[in-house]
Amino acid sequence: VQLQASGGGLVQAGGSLRLSCAASGRTIRSYAMGWFRQAPGKDREFVAAITWSGGSTYYADSVRGRFTISRDNAKNTEYLQMNSLKPEDTAVYYCAGGDVLADSASEYDYWGQGTQVTVSS
């Protein structure tokens, strides 16, 4: 599976962005999907994850209530709607696919190339 993340950009604090992760080469229908982020000088951290059916979601405490993960298996795409953005959300955001719903990067087998999100104060 090849994953291509897009939708990043520069936004003011309080604004919104919607990230997309398009898959090719294989359907993502059977995979849990997730989003991670990495800020300069920091480790990659979990943001959100969703089961293969979309029936269950899981969020990091830092984004719960502001971000929403979703997926459209027919379009082979997952999304991350980010609202009420804060400067501390600034990072490169990566999409990932794996066999189980997890908050550990090591559980994911497939990764996108990352898209930069910058939130100005």
Side-chain angles (χ1 to χ4, degrees):
V1 177
Q2 290 79 48
L3 302 176
Q4 178 78 34
S6 62
L10 174 63
V11 64
Q12 288 187 332
S16 298
L17 283 174
R18 189 194 195 201
L19 305 184
S20 298
C21 177
S24 61
R26 190 172 180 179
T27 178
I28 62 170
R29 190 180 303 274
S30 60
Y31 294 109
M33 300 296 294
W35 288 95
F36 289 76
R37 67 187 181 186
Q38 188 166 18
K42 295 187 177 181
D43 293 333
R44 188 170 300 191
E45 66 173 359
F46 170 75
V47 175
I50 187 168
T51 53
W52 68 271
S53 67
S56 293
T57 56
Y58 180 34
Y59 296 94
D61 290 342
S62 58
V63 307
R64 188 176 292 112
R66 299 188 297 121
F67 291 10
T68 302
I69 189 172
S70 62
R71 65 190 296 161
D72 185 337
N73 287 338
K75 294 183 178 180
N76 229 23
T77 303
E78 70 158 342
Y79 305 96
L80 185 69
Q81 178 66 44
M82 305 186 295
N83 298 329
S84 302
L85 282 161
K86 304 175 181 180
E88 52 263 45
D89 294 319
T90 295
V92 177
Y93 282 70
Y94 299 88
C95 57
D99 291 329
V100 297
L101 186 73
D103 60 4
S104 172
S106 63
E107 296 289 342
Y108 291 85
D109 300 312
Y110 307 104
W111 290 86
Q113 86 291 356
T115 184
Q116 175 71 46
V117 172
T118 303
V119 184
S120 63
S121 58

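Residues passing the side chain to side chain contact (heavy atoms under 4.5 Å, CB included) test with S53, sequence neighbours excluded: T51. With sequence neighbours excluded, the residues that form a salt bridge (charged side-chain N to carboxylate O under 4.0 Å, His left out) with R64 are D61. When the salt bridge (charged side-chain N to carboxylate O under 4.0 Å, His left out) test is applied to E88, no partner is found at least two apart in sequence or on another chain. In this structure D43 satisfies the salt bridge (charged side-chain N to carboxylate O under 4.0 Å, His left out) test with no other residue, sequence neighbours excluded. In this view, V11 and L17, L85, V119 satisfy the side chain to side chain contact (heavy atoms under 4.5 Å, CB included) rule, not counting sequence neighbours.
The backbone N or O of G8 lies less than 3.5 Å from a partner atom in the side chain of T115, making a donor-acceptor pair. Checked by atom type and distance alone, the side chain of N73 pairs as donor or acceptor with a backbone atom of W52 at under 3.5 Å. Although no hydrogens or angles enter the test, the distance criterion places no donor-acceptor pair under 3.5 Å between the side chain of S106 and the main chain of S104.
When every heavy atom of A105 is checked against every heavy atom of W111, the shortest pair comes out as O-CZ2, 3.5 Å. For the residue pair A39 and A91, the shortest heavy atom distance occurs at N-CB, 3.8 Å. For S120 against L10, the heavy-atom pair with the smallest separation is CB-CD1, 4.4 Å.
The aromatic rings of F36 and F46 stand perpendicular to each other, their planes meeting at an angle above 60°, with 30° marking the opposite boundary.
No continuous path of ILVMFWY side-chain contacts below 4.5 Å connects Y108 to M33, so the two sit in separate hydrophobic clusters. V63 and Y93 fall within the same hydrophobic cluster, where Ile, Leu, Val, Met, Phe, Trp and Tyr residues are linked whenever their side-chain heavy atoms come under 4.5 Å apart, directly or through other members. By the rule that hydrophobic residues join a cluster once side-chain heavy atoms approach within less than 4.5 Å of another member, V47 and V92 end up as members of separate clusters.
Side-chain contact between L19 and M82 is present, with at least one heavy-atom pair separated by less than 4.5 Å. Using a 4.5 Å heavy-atom threshold, the side chains of D103 and Y58 count as touching. Proximity of L80 to F67: side-chain heavy atoms (C-beta onward) are separated by under 4.5 Å at one or more points. Put simply, the side chain of W35 reaches to within 4.5 Å of the side chain of E78, judged on heavy atoms. When side chains are defined from C-beta on, Q113 counts as touching Q4, because their heavy atoms get closer than 4.5 Å. Looking at S62 and R37, their side chains come closer than 4.5 Å, going by heavy atoms from C-beta outward.
In this structure, CD1 on I50 lies 8.5 Å from OG on S56, to the nearest 0.5 angstrom. Atom OG1 of residue T118 and atom CD of residue Q12 lie 13.0 Å apart, to the nearest 0.5 angstrom.
A donor-acceptor pair shorter than 3.5 Å can be found between the side chains of S16 and N83.
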Distance-only check: which donor-acceptor pairs under 3.5 Å involve side-chain atoms of residues 20-29, not counting sequence neighbours?
unit_1	atom_1	unit_2	atom_2	d
R26	NH1	Y31	OH	3.2
T27	OG1	R29	N	3.0

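In this structure, R44 satisfies the cation-pi test against Y94, with its NZ or CZ atom closer than 6.0 Å to the six-membered ring centre and inside 45 degrees of the ring normal. Both the sub-6.0 Å distance and the 45° axial angle are not jointly satisfied by R71 relative to the ring of Y79.
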